[in-house]
There are 2 protein chains.
Amino acid sequence: MAQKIKLSTIAESLGVSTATVSLALRDSPLVAAATREKIKEQSRALGYIYNRRAASLRTSRSGIIGVVVHDIQNPFYAEILKAIESELDRSSHTFILSNHYDSVDKQRNFIETLLQLGGDGVIMSPAIGTPREDLELAENNGMPAILVARSVENLDLPTYRGDDSYGISLATNHLIGLGHRTIAMVGGTDQTSTGRDRYQGYVNALKKANIPVDPALRIAGPRSKQGGFEAAVHFLSLPQKPTAAVCWNDLVAIGFMNGIARAGLMPGRDISVTGYDDLEEAAIATPGLTTVWNGQSEVGRLAARALLDKLSGSHEPDGMHLIKPEMRIRQSTAPLHRT
Amino acid sequence: MAQKIKLSTIAESLGVSTATVSLALRDSPLVAAATREKIKEQSRALGYIYNRRAASLRTSRSGIIGVVVHDIQNPFYAEILKAIESELDRSSHTFILSNHYDSVDKQRNFIETLLQLGGDGVIMSPAIGTPREDLELAENNGMPAILVARSVENLDLPTYRGDDSYGISLATNHLIGLGHRTIAMVGGTDQTSTGRDRYQGYVNALKKANIPVDPALRIAGPRSKQGGFEAAVHFLSLPQKPTAAVCWNDLVAIGFMNGIARAGLMPGRDISVTGYDDLEEAAIATPGLTTVWNGQSEVGRLAARALLDKLSGSHEPDGMHLIKPEMRIRQSTAPLHRT
DNA sequence: CTGAAAGCGCTTACAG
DNA sequence: CTGAAAGCGCTTACAG
């Protein structure tokens with residue numbers, strides 16, 4: 001590794017001041033075009049690497065945006081991230097990613113690290129049990145936060161997510177329309193807003209159709225493929241013999257269908273199954289999964305835009321921005337056939 | 001946002017020097033225990049946030065490690081990342097993540113950004129066509145690189161990946177042992193080392209068993225579930241009527257099995273299918289996927305360790321470190337039954 | 001055990 | 001259109 005090249009190296013080699021070099025490299029019109037070209041040329045020739053820490057120390061803007069979600073390995077979050085990434089990419093921001101795995105400590109640790117690095121802002125899907133102080137820590141230190149997918153109670157931050165209650169009612173109504181009356185709800189937990197809202201939407205839809213709500217038909221807990229897979233055993237042992245399952249999300253639904261298939265039944269014929277999210281793989285599951293599009297790409301795109309707008313000084317309205325979900329009908333649901 | 005708290009704020013409020021505060025906060029034994037406690041107490045009380053940019057400007061170490069892979073949404077990379085993350089977490093390093101989607105430009109852009117931020121090192125699964133200059137850019141600027149999952153030709157960097165040729169021969173031999181003779185290879189591309197090595201391993205295994213190698217039985221290209229799904233149509237139309245498929249990875253295999261099922265055939269009975277990687281979901285696929293464990297968690301863990309060791313000054317040997325793959329037999333493969 | 005001072009590599013008024 | 005100088009917030013010899 002050769003001698004470190006810095007602004008002053010370029011300046012000296014060209015007999016100009018560092019101020020001129022700094023301005024030239026950032027395309028300032030204050031520098032004569034000829035000088036600017038000469039400087040850029042030299043910078044390239046010397047293999048100059050811009051030192052962002054030094055610049056950011058001076059300007060107190062780092063170009064770093066933090067993103068923290070439950071688990072990036074979860075395709076639901078991965079799809080949101082992809083949208084955030086492509087939005088940030090075109091604005092020359094760098095993003096730092098972290099999982100919190102619903103650990104409030106890990107999440108706070110990330111926020112602190114981000115503050116230490118001088119992060120400009122943070123996009124997060126808050127961990128279960130996030131105290132408002134942790135988010136205020138960011139805001140109070142000049143690092144605005146935008147929430148995605150989940151809300152935090154009593155905190156009026158800009159939040160982007162799908163309308164869960166409405167969305168799950170679409171799925172439930174679809175099954176009711178097919179003649180199903182004994183419909184289980186599989187997965188989700190009351191500890192998250194999505195868990196509560198989706199269960200509530202399911203309950204509302206049943207009530208509206210005058211179908212009695214049986215709490216024993218709720219198999220709460222599962223939130224992964226593995227969880228859905230295991231829940232199938234529980235489902236098949238229910239004395240009420242449900243003919244359909246509204247799953248909390250696509251992962252649960254796909255695992256659940258696999259579980260049903262392992263037991264020798266055919267999802268989409270013997271048992272109707274709906275998912276939620278419309279992940280890319282919902283379409284190529286066997287059978288194709290009937291599900292609810294939850295707008296991950298919209299959520300990510302809008303959240304990133306909202307943050308960038310905020311950073312450039314425009315005052316976005318705080319509060320909830322709900323994406324309207326849409327039904328996607330495939331082969332995993334079918335009219336009830338009585339045997 | 002109140003007045004910015006910095007080292008000197010704490011120092012003044014306590015009537016000590018910034019040097020003492022700096023040392024105390026980093027638990028230096030040079031500072032008397034009582035002073036140290038008083039300083040830490042005050043730092044907490046004032047809500048002091050350590051400015052890493054300033055520190056890193058001074059020390060020229062940032063605590064930042066970059067990780068760039070093809071696509072973090074791909075569970076294969078996600079599993080590697082998880083292992084890297086848990087290894088780095090315990091060493092108080094922050095990691096910055098990026099996808100390159102096999103774009104050499106995007107990858108170089110990331111390396112440059114990382115250099116600007118003063119990254120201490122980088123772990124990467126290089127994009128297809130990565131020129132050695134891009135990796136030398138990192139190394140020459142004092143940022144060591146470790147490769148995972150893929151190699152770059154003519155470049156002797158520490159590399160951690162599975163022994164692809166050996167691993168795929170395990171899968172191929174397993175099928176041969178079950179009586180299959182017309183075995184297709186589905187997916188993968190000659191543009192990556194994994195694509196070349198796995199095809200070669202398949203060819204070698206066939207040759208060793210005196211089975212003629214038919215190039216038409218290679219369906220090259222697919223690398224995703226979607227790709228595997230679509231390849232099933234091609235596979236079923238082959239005049240040679242293969243009875244088994246060695247898939248390039250689990251994603252292809254799972255998509256492929258779905259495609260087979262859509263056509264009314266039953267994978268694991270009508271057609272035997274093997275995967276590669278042993279992703280978490282291989283076990284819960286229907287049928288359970290026979291596959292080859294590729295040691296993602298080991299790859300991630302060892303690569304992270306190697307980088308940390310290098311950063312702390314120990315001179316690790318460069319070159320290839322191959323993880324030995326292992327067979328995982330499940331229900332997607334069965335003895336050939338002649339009809 | 002503690003303090004005064006220099007310096008990391010930028011950017012930004014300010015002056016010319 | 002260009003330059004001299006201060007300062008962002010730390011850490012690290014050095015001195016005492």
Side-chain angles (χ1 to χ4, degrees), chain A residues 1-40 42-43 46-64 113 115-120 141-142, chain B residues 1-40 42-43 46-64 113 115-120 141-142:
Chain A
M1 159 171 163
Q3 190 59 25
K4 195 89 184 169
I5 311 296
K6 43 191 176 174
L7 274 194
S8 61
T9 319
I10 302 176
E12 279 164 26
S13 79
L14 252 34
V16 297
S17 75
T18 59
T20 302
V21 176
S22 171
L23 291 168
L25 291 180
R26 282 173 298 139
D27 281 321
S28 163
L30 288 174
V31 178
T35 320
R36 209 188 312 157
E37 275 322 304
K38 209 174 50 183
I39 288 172
K40 289 191 155 189
Q42 181 74 338
S43 149
L46 293 176
Y48 170 64
I49 287 167
Y50 179 67
N51 187 326
R52 279 216 217 184
R53 290 118 76 199
S56 136
L57 184 57
R58 182 60 224 257
T59 63
S60 73
R61 289 199 69 172
S62 64
I64 291 177
T113 300
L115 285 169
Q116 294 179 356
L117 292 169
D120 292 339
N141 285 286
Chain B
M1 157 171 164
Q3 191 58 28
K4 195 89 184 169
I5 310 296
K6 42 191 178 175
L7 274 194
S8 61
T9 319
I10 302 176
E12 280 164 26
S13 78
L14 252 35
V16 297
S17 76
T18 58
T20 303
V21 176
S22 172
L23 292 169
L25 291 180
R26 282 173 298 138
D27 283 322
S28 164
L30 288 176
V31 179
T35 320
R36 210 190 310 158
E37 276 321 305
K38 209 174 51 183
I39 289 172
K40 288 190 155 188
Q42 181 74 338
S43 149
L46 293 175
Y48 170 66
I49 287 168
Y50 178 68
N51 188 326
R52 278 216 218 187
R53 289 117 80 199
S56 134
L57 185 56
R58 182 59 224 256
T59 62
S60 72
R61 288 201 70 173
S62 65
I64 291 176
T113 300
L115 285 170
Q116 294 179 356
L117 291 170
D120 292 339
N141 285 284

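Numbers restart at 1 for each chain; the letters A, B, ... are given by sequence-line order, proteins then strands.
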Asks: Does a side-chain N or O of B:Thr59 approach OP1 or OP2 of D:dT11 to a distance below 4.0 Å, or not?
Replies: no
Asks: With the side chain of A:Arg58 defined as its heavy atoms from C-beta on, choose the nearest nucleotide among C:dG9, D:dC1, C:dT2.
Replies: C:dG9
Asks: Take the protein atom CZ of B:Arg53 and the nucleotide atom P of D:dT11, then report the distance between them rounded to whole Å.
Replies: 14 Å
Asks: For a quick check of understanding: with a heavy-atom distance under 4.0 Å over all strands, which category does A:Gly15 fall into, base, sugar-phosphate or nothing?
Replies: sugar-phosphate
Asks: State whether the side chain of A:Arg36 and the backbone N or O of A:Val31 hold a donor-acceptor pair below 3.5 Å, judged by distance alone.
Replies: yes
Asks: Any side-chain N or O of A:Ser22 less than 4.0 Å from the OP1 or OP2 oxygen of C:dT11?
Replies: yes
Asks: Can you work out whether B:Thr35 or A:Ala55 has the more 5'-proximal nearest nucleotide on DNA chain C?
Replies: B:Thr35
Asks: Rounded to the nearest Å, what distance is computed from the CZ atom of residue A:Arg26 to the C1' atom of nucleotide C:dT12?
Replies: 9 Å
Asks: Start with the C-alpha gap between A:Asn51 and B:Gln116, add the side-chain angles, then the distance that decides, and say whether side-chain contact (heavy atoms from CB on, under 4.5 Å) holds.
Replies: CA-CA 5 Å; A:Asn51 187 326; B:Gln116 294 179 356; over 6 Å; no
Asks: Walk me through it: do B:Ile49 and B:Lys4 pass the test side-chain contact (heavy atoms from CB on, under 4.5 Å)?
Replies: CA-CA 9 Å; B:Ile49 287 168; B:Lys4 195 89 184 169; over 6 Å; no
Asks: Output the rounded distance in Å from CD1 (B:Ile5) to C1' (D:dC8).
Replies: 16 Å
Asks: What is the distance, rounded to the nearest whole Å, between atom CG of B:Leu57 and atom P of C:dC8?
Replies: 9 Å
Asks: Looking at D:dA4, which nucleotide sits across from it as a Watson-Crick or G-U wobble partner, both distances under 3.5 angstrom, or is there none?
Replies: none
Asks: Rounded off to whole Å, could you give me the CG-to-P distance for the B:Leu30 and C:dG3 pair?
Replies: 13 Å
Asks: Nearest whole angstrom, please: distance from the P of C:dC1 to the CD of B:Glu37.
Replies: 14 Å
Asks: Send over the distance from A:Tyr50 OH to C:dC8 P, rounded to a whole Å.
Replies: 18 Å
Asks: Want to settle it: does A:Lys6 or A:Leu23 sit nearer the 5' end of DNA chain C, counting the closest nucleotide to each?
Replies: A:Lys6
Asks: Can you tell me if A:Ser62 uses its side chain to pair, donor with acceptor, with the backbone of A:Gly118 under 3.5 Å?
Replies: yes
Asks: Which nucleotide, in any strand shown, forms a Watson-Crick or G-U wobble pair with D:dA13, with both distances under 3.5 Å?
Replies: none
Asks: Examine distances only and state if a side-chain atom of A:Ser22 and a backbone atom of A:Thr18 form a donor-acceptor pair shorter than 3.5 Å.
Replies: no
Asks: Take A:Pro29 and A:Thr18, find for each the nucleotide of DNA chain D with the closest heavy atom, and name the residue whose nucleotide sits nearer the 5' end.
Replies: A:Pro29
Asks: Which residue, B:Ala54 or B:Ala19, contacts DNA chain D at a nucleotide closer to its 5' end, judged by nearest heavy atom?
Replies: B:Ala54
Asks: Expressed as a whole number of angstroms, how long is the span from B:Asn51:CG to D:dG9:C1'?
Replies: 6 Å
